[in-house]
Number of protein chains: 2
Amino acid sequence: MQHIQKKINSELNPNVSVDCVIFGFDLEQLTVLLIDRGEISSAFGPRLALPGNLIYDNENLDMAANRVLDELTGLKDIYLEQVGAFGDPDRIHKESDREWLKSIRAEPEARVITVAYFTLVPMSDYKPQASSFAKNADWIPVSEIKELAFDHFEILQAAKEKLKQKIKIQPIGFNLLPEKFTLSQLHRLYESILDKPLDKRNFRRKIQKLDILTSLREKQRGVPHKPSLLYEFNEEKYQELTQTGFDNFGF
Amino acid sequence: MQHIQKKINSELNPNVSVDCVIFGFDLEQLTVLLIDRGEISSAFGPRLALPGNLIYDNENLDMAANRVLDELTGLKDIYLEQVGAFGDPDRIHKESDREWLKSIRAEPEARVITVAYFTLVPMSDYKPQASSFAKNADWIPVSEIKELAFDHFEILQAAKEKLKQKIKIQPIGFNLLPEKFTLSQLHRLYESILDKPLDKRNFRRKIQKLDILTSLREKQRGVPHKPSLLYEFNEEKYQELTQTGFDNFGF
DNA sequence: ATAGCTTTGTGTCAATTTTACACTATCCAA
DNA sequence: TTGGATAGTGTAAAATTGACACAAAGCTAT
């Protein structure tokens with residue numbers, strides 16, 4: 001919490017906040033790290049919200065997004081991308097929302113523009129624990145989310161769409177997997193993000209032809225079936241590939 | 001200027017502005033509508049800037065962008081898309097910039113987040129005239145722009161990139177052309193935006209196979225060479241195409 | 001130990017798409 | 001009528017995509 005000390009002398013900008021769509025992948029499906037706002041809002045709107053906060057006047061937007069992520073999870077150096085700015089004048093309207101905003105020191109009456117980011121974290125790097133600091137955060141499968149507080153559901157959908165487009169162009173999916181992963185896990189990840197089935201053999205052929213994976217000599221252990229070979233993402237090979245003007249995975 | 005009357009009672013938000021990258025196409029190359037800030041800044045930084053303004057507290061971001069566009073050009077119902085939010089704490093630093101900001105009633109010391117949009121305008125719909133209201137706006141070829149005021153050059157590059165990605169997915173290029181256009185004009189437009197040469201015959205084949213153009217029985221007039229057939233974009237056919245799940249032009 | 005369950009990992013063929021490439025037709029101007 | 005400029009057109013080889021089925025490997029339960 002050192003960063004909070006450093007920021008305490010700087011002023012909060014009452015008009016601009018940052019919200020983070022923190023994506024994870026439980027090796028089966030895409031998930032998002034959401035905050036349960038608790039009883040304070042239970043009688044009114046949805047309890048679940050995206051983590052976010054007002055920005056300080058001496059930090060830029062990317063820094064603010066990284067700070068929100070860090071304060072919640074302790075993670076740094078995480079893949080992060082801006083989704084866009086959201087801000088209808090009436091985006092905050094419920095009494096419960098006002099109470100919640102007061103509790104995080106925001107000005108409940110002020111017009112707030114929020115800048116949304118999505119981040120990709122290897123889910124194993126952060127296991128939520130019930131602590132007061134952790135604000136009851138939890139990984140929720142994207143497919144189960146039907147509503148969120150404020151305009152956060154809209155933001156989530158924009159983030160999903162941006163991720164979907166981006167993964168067709170850059171191999172950012174590896175940021176959601178552990179260092180070593182199987183082709184099947186990668187396959188399921190792409191299906192989750194693109195939200196459509198991909199033929200197993202065609203997927204493997206396509207990925208392997210790109211030659212951006214290092215095949216390890218290691219196998220999965222402890223699985224109740226034929227163990228899979230493990231792979232690593234090869235950053236150097238991918239850089240070589242982009243030099244050729246490659247910018248389309250063809251999904 | 002009725003809209004200004006309506007807004008006069010509402011408060012400007014001193015922390016959030018909107019900047020518009022207004023793209024045009026002169027049938028040869030991509031251009032942007034820029035404002036010459038005049039002598040006030042000539043001794044210091046670049047005179048050219050993107051049109052923009054602070055937002056009012058009772059309008060949403062899209063409305064603000066449309067307003068900026070309308071105030072400058074009088075155009076309404078224009079294709080418009082958000083690029084993203086920009087806002088380093090030190091993005092405004094030059095003395096000349098402070099003076100300029102005062103002249104548009106902005107708070108020169110305040111931290112300003114700007115939300116950038118790009119818009120696509122048929123260039124023939126707006127011919128700049130030297131008037132005080134028009135603020136010395138002019139179409140400048142994108143390829144000639146080497147610097148802009150504030151962080152506007154960075155914004156321009158982000159807008160170009162967004163346009164490039166978007167045109168691979170949706171046929172938004174037609175918004176830059178007159179109603180009736182030739183395949184060669186469309187071809188040059190795609191080359192300008194994608195910033196790479198496209199084989200003429202392959203381009204024509206690809207576009208025509210999509211079947212989203214209506215071929216008119218009309219020819220170009222007054223050109224000093226073989227006149228081209230004219231085409232119109234067919235919105236209905238494109239809607240049919242999207243029903244099939246089509247979302248990639250393959251450029 | 002073995003039978004059964006589960007997931008891995010592999011190849012081919014047909015259809016489609018992409019790429020590279022050059023000449024004639026038409027209109028205007030001189 | 002000629003010259004200049006751009007429009008408009010086809011094909012063949014190569015690469016990519018899409019559809020599809022079965023044996024191999026490890027774990028578990030008996």
Side-chain angles (χ1 to χ4, degrees), chain A residues 25-29 167-169 171 177-178 180-192 194 196-232 241 244-251, chain B residues 25-29 168-169 177-178 180-192 194 196-232 241 244-251:
Chain A
F25 180 63
D26 65 10
L27 303 187
E28 287 293 333
Q29 52 189 333
I167 206 174
K168 295 177 179 181
I169 292 174
L177 291 171
K180 300 171 181 180
F181 53 87
T182 73
L183 287 182
S184 294
Q185 290 165 355
L186 190 62
H187 180 208
R188 265 170 265 148
L189 175 58
Y190 272 74
E191 288 186 324
S192 304
L194 298 173
K196 70 179 179 192
L198 301 171
D199 180 87
K200 180 169 64 162
R201 278 179 287 190
N202 295 340
F203 176 82
R204 286 168 168 256
R205 173 162 36 109
K206 179 174 284 188
I207 290 290
Q208 308 219 58
K209 173 125 43 98
L210 292 176
D211 192 30
I212 56 175
L213 294 187
T214 303
S215 169
L216 305 176
R217 303 203 170 279
E218 200 177 340
K219 286 181 186 172
Q220 266 182 321
R221 297 275 327 197
V223 286
H225 56 262
K226 178 176 178 178
S228 172
L229 279 175
L230 292 171
Y231 292 81
E232 277 182 354
L241 187 58
T244 71
F246 176 89
D247 73 340
N248 197 337
F249 282 80
F251 288 110
Chain B
F25 180 63
D26 64 10
L27 304 187
E28 287 293 334
Q29 52 188 333
K168 295 178 179 179
I169 291 174
L177 292 170
K180 300 171 181 179
F181 53 86
T182 72
L183 287 181
S184 293
Q185 290 165 355
L186 189 63
H187 180 207
R188 263 168 276 161
L189 174 58
Y190 272 74
E191 288 187 324
S192 303
L194 298 173
K196 70 179 180 192
L198 301 172
D199 181 85
K200 179 168 66 162
R201 279 179 286 191
N202 295 339
F203 176 83
R204 286 168 167 259
R205 175 157 37 97
K206 179 174 282 185
I207 290 290
Q208 307 218 57
K209 172 126 45 96
L210 292 176
D211 192 29
I212 55 176
L213 294 187
T214 304
S215 170
L216 305 176
R217 302 202 172 280
E218 200 177 340
K219 285 181 186 170
Q220 266 181 321
R221 297 277 324 197
V223 287
H225 56 260
K226 176 175 178 178
S228 172
L229 279 175
L230 292 171
Y231 293 81
E232 277 182 355
L241 187 59
T244 70
F246 176 90
D247 72 342
N248 196 339
F249 283 80
F251 287 111

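Letters go in sequence order (proteins before strands), and every chain restarts at 1.
- In this structure, B:K206 satisfies the cation-pi test against B:F251, with its NZ or CZ atom closer than 6.0 Å to the six-membered ring centre and inside 45 degrees of the ring normal.
- A donor-acceptor contact under 3.5 Å is formed by the side chain of B:R201 with the base of C:dA22.
- Distances shown here put every side-chain N or O of B:S184 at or beyond 4.0 Å from the OP1 or OP2 atom of D:dT6.
- A straight line from CZ of B:F251 to P of C:dT19 spans 11 Å, rounded to a whole angstrom.
- Using modelled atom types, no side-chain atom of A:E232 and backbone atom of A:T214 make a donor-acceptor pair closer than 3.5 Å.
- Here C:dT18 presents its P atom at 15 Å from CZ of A:F246, a figure rounded to the nearest Å.
- Looking at every heavy atom in both residues, A:K219 comes nearest to A:L229 through CG-CD2, 4.2 Å.
- Atom pair B:H225:NE2 and C:dA29:P shows a separation of 11 Å (rounding to whole Å applied).
- For D:dG8, the base has a donor-acceptor partner in the side chain of B:K200 [N/O atoms by modelled type, under 3.5 angstrom].
- Heavy-atom minimum distance, B:L213 versus B:I207: CD1-CG2, 3.5 Å.
- Side-chain atoms of B:N202 lie closest to D:dG10 of the nucleotides D:dG18, D:dG10, D:dG26.
- Between B:K219 and C:dC27 there is a side-chain N or O to OP1 or OP2 distance below 4.0 Å.
- Regarding B:F203, its CZ atom lies at a distance of 15 Å from the P atom of D:dT9, rounded to whole Å.
- Contact between B:K200 and B:H187 at its shortest, heavy atoms only, is CA-CE1, 3.6 Å.
- Rounding to whole angstrom units, NE2 of residue B:H187 and P of D:dT9 are separated by 15 Å.
- The side chain of A:R188 contributes an N or O atom lying less than 4.0 Å from OP1 or OP2 of C:dT8.
- Here C:dT10 presents its P atom at 15 Å from CG of A:D199, a figure rounded to the nearest Å.
- The base of C:dT8 lies close enough to the side chain of A:K226 for a donor and an acceptor atom to sit less than 3.5 Å apart.
- The side chain of A:L229 lies closest to C:dG9 when the candidates are C:dT7, C:dC28, C:dG9.
- Atom CD in A:Q220 sits about 8 Å away from atom P in C:dG9, given to the nearest Å.
- The nearest pair of heavy atoms linking B:L186 to B:F181 is CD2-CE1, 4.3 Å.
- Between the base of D:dA7 and the side chain of B:R204 there is no donor-acceptor pair shorter than 3.5 Å.
- Here the closest non-hydrogen pair linking A:L177 and A:Q185 is CD2-CB, 4.3 Å.
- Contacts with DNA chain C (heavy atom under 4.0 Å) in residues 205-213 of chain B: B:R205, B:K206, B:K209, listed by number.
- Annotation for A:I212 and A:P171: closest pair CD1-CB, 4.3 Å, computed over non-hydrogen atoms.
- Residue B:N248 contributes atom CG, which lies 14 Å from atom C1' of D:dT16 at whole-angstrom precision.
- Under 4.0 angstrom from either OP1 or OP2 of C:dG9 there lies at least one side-chain N or O belonging to A:S228.
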